[in-house]
Amino acid sequence: MNKKIVIKTLEKIALLLELQGENPFKVSAFRKAANALELDERSLNEIEDITKLKGIGKGTAAVIHDLIETGQSSQLKELEDAVPKGLIPLLKLPGLGGKKLAKLYSELGVDSAESLKAACEAHQVQKLSGFGAKTEEKIMKELEHFGERSERLPIWYLQQIVAEVNELLNRIPEIQKFSVAGSFRRVSEMSKDIDFIVATEQPSEVKDQLLKQLVIKEVVAAGDTKVSVVLDAEDPVSVDFRLVALHEYATALHHFTGSKDHNVRMRQLAKEQGKKISEYGVEQPDGSIHTFESEEEFFAHFDLPFIPPTVRESGKELERLDELEELVSLDQIVADLHMHTTWSDGAHTVKEMGEALIQRGYTHGVITDHSQYLKVANGLTPERLQKQRIEIYEFNEAHPEFRLFAGTEMDILPNGTLDFENEVLKELDFVIASIHSSFSQPQETIMERLHTAAQNPYVHMIAHPTGRIIGQREGYNPDMPQLIKWAAEFGKILELNASPYRLDLCIEHLMMAMEWNVPIAINTDAHAIEQLDVMEIGTKYAQKAWLKKELIVNTWSLDKFETFIKKNK
DNA sequence: GCCGTTTTCGGCCCGACTGTTTTCAGTCG
């Protein structure tokens, strides 16, 4: 039995229980069980007693055994019979959870977006207890955009899918080389599908393996050059696999990485030289087909430097070749200025995070746990902050080759004040100010809050300045041109939060910040060591905005950084 | 449903927010 299927089954049961309005703790028990399995590195066969795993008890173990023995879960089947399929996507409507949907279903027979809409239009919904006219109105409004929602999927969601597929492709011995392509490779915020280029001499064997090992909802095409499927994930994802010969790999990768406009521009350029580009190679004036070992060689064939996928967008990049060298790349990053530890809501200790930074070859970093206001995140009081500082300085004594700074991610409170007094802030090496609450205040109020932070002499940086979550929420809608001007005026850093959930600032605002010479810090906001990896996404995203590396604070040397953070003291 | 124990039942993160209510349930992060 495939462990993935077990995990998915437990998660599906949780979802359906939720829709029945079940006890939320029971629902989360199934999710926890799924999570426990996911976190355990062993395969199902290697786990002797599954109930020994924290989070798996009698009930969930029974589901798992049922699944292993019979190949299916009777509990899931029962639930699927009891809960209409059309209700599942409705859980995504903001304001509708399991209980409300359960009520809509049992009282009004709502079982799909269509029937929900009809019930709203007939003003049936507002008659239910717990519902009112406002709720009904809100549901109707949300339903308008409902269909469009899943057409494009956010990078943070696709990232997990890509990681899983990568792992699978790695395990197929007939595959010589592979890479993700398409807009995901270009680090787009949203993509409608995922493309993979696979080099192999045995396409039909690879095809069979793919069809066998992927968790597939629908097979769209299954030939020897292209396998196209819809994966059965939480949000179904279209994935195309292009199977090519090794010598075609570079041109295929380039072709399917796009963008369309970039390819058009490249083909124009080729035509001027009497050549023709296709996914299979470059046709020379004499009709012969030229192929390449790598994309670098491909570009060199046209006397071009390597153009990173991230900037292959409008075609205009071919006129900005001299700027390519100024773009930031991961190996120039020497610091991470925003991360959490077990002192607040992080998973690893100060020591563990610090050592992880050293291992990445960084020269310095800042520990920035949450401040006292954020009680759910176990935010630090001034007293705990002081204790933490001792731990940080002890770390520095033990690691003279590296420098860890003591910082905070301090909340900008809803009432416009800061979570710490200046007395507290001035003891810290680095101060981040962030908004985590009352997103729906009017812009004017939000800007007053941000202004307080921007003009405070002890604040160094504003983190995730808009508060957006890609594809999920807009954030608190600050007046960004104004905030950027303040940052320039008061000498503050603005963050490019590298988490794929955020990528905040966005490209447009990064470009604006660059015009104003505002320094940008690309930070992971890591809550665990593994999340330090998102620095790669962050630097690639910075490339998309053509951000010049001298403006990027974490390419600065330790000396330069230290001079900058001390200048206000 | 799981866990842990002051060992078989109460807590599970918990507080803000919203839209209902008229003291609170459901949702959300």
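Just so it is clear, the values below take in all heavy atoms, side chains as well, and ignore hydrogens, waters and symmetry mates. Numbers restart at 1 for each chain; the letters A, B, ... are given by sequence-line order, proteins then strands.
Counting to the nearest Å, the C1' atom of dG15(B) and the CG atom of D411(A) are 14 Å from each other. Atom NZ in K100(A) sits roughly 17 Å away from atom P in dC24(B) (whole-Å rounding). Distance E22(A) CD to dT27(B) C1': 18 Å, rounded to the nearest Å. Between I139(A) atom CD1 and dT20(B) atom C1' there is a gap of 13 Å when expressed in whole angstrom units. K134(A) places its NZ atom 16 Å from the C1' atom of dG26(B), with the value rounded to the nearest Å. When rounded to the nearest whole Å, the span between CZ of F25(A) and C1' of dG1(B) equals 11 Å. One can place NZ of K103(A) at 10 Å from P of dT27(B), the figure rounded to the nearest angstrom. Note: CD1 (I13(A)) to C1' (dG1(B)) measures 11 Å, nearest angstrom.
Residue K375(A) is the one, among K138(A) and K375(A), whose nearest nucleotide of DNA chain B lies closer to the 5' end (criterion: closest heavy atom). Between G97(A) and G132(A), the residue whose closest nucleotide on DNA chain B is further toward the 5' end is G132(A).
No contact: N378(A) has no heavy atom under 4.0 Å from any strand. A36(A) comes within contact range of no nucleotide atom at all, as no heavy-atom separation falls under 4.0 Å. In this structure, L17(A) reaches neither bases nor backbone, as no heavy-atom distance under 4.0 Å exists between it and the strands shown. Counting non-hydrogen atoms under 4.0 angstrom, L53(A) reaches the backbone sugars and phosphates but no base. The residue S440(A) sits close only to the backbone: its heavy atoms come under 4.0 Å of sugar-phosphate atoms, none of a base.
Contact annotation: T135(A) does not reach the phosphate of dT27(B) (side-chain N/O to OP1 or OP2, under 4.0 Å). For K54(A) and dG4(B), the shortest distance from a side-chain N or O to OP1 or OP2 is below 4.0 Å. When the side-chain nitrogen and oxygen atoms of S438(A) are compared with OP1 and OP2 of dC17(B), one or more of them lie within a distance under 4.0 Å. Dashed line: the shortest gap from a side-chain N or O of T60(A) to OP1 or OP2 of dC2(B) is under 4.0 Å. Here K99(A) reaches the OP1 or OP2 of dG26(B): one of its side-chain N or O atoms lies under 4.0 Å away.
Applying the 90° cutoff around 0 to the glycosidic angle, dT18(B) is assigned anti.
Under the Watson-Crick and G-U wobble criteria, each requiring two contacts below 3.5 Å, nucleotide dT8(B) is left unpaired.
A donor-acceptor pair under 3.5 Å is absent between the side-chain atoms of R152(A) and the main chain of E189(A), judged by distance alone.
Aromatic ring pairs are classed by plane angle as parallel below 30°, tilted from 30° to 60° and perpendicular above 60°; the pair W156(A) and Y501(A) is parallel.
Remark: K387(A) does not engage E391(A) in a salt bridge, criterion side-chain N to carboxylate O under 4.0 Å. Comment: E355(A) engages K351(A) in a salt bridge, judged by a side-chain N to carboxylate O separation of less than 4.0 angstrom.
Distance check on atom C1': dC17(B) versus dT23(B) gives 16 Å, rounded to whole Å.
For Q531(A) and H340(A), the side-chain atoms include no donor-acceptor pair closer than 3.5 Å.
Other residues, nucleotides and ligands contribute at most 12 non-hydrogen atoms within 6.0 Å of the CD atom of E421(A).
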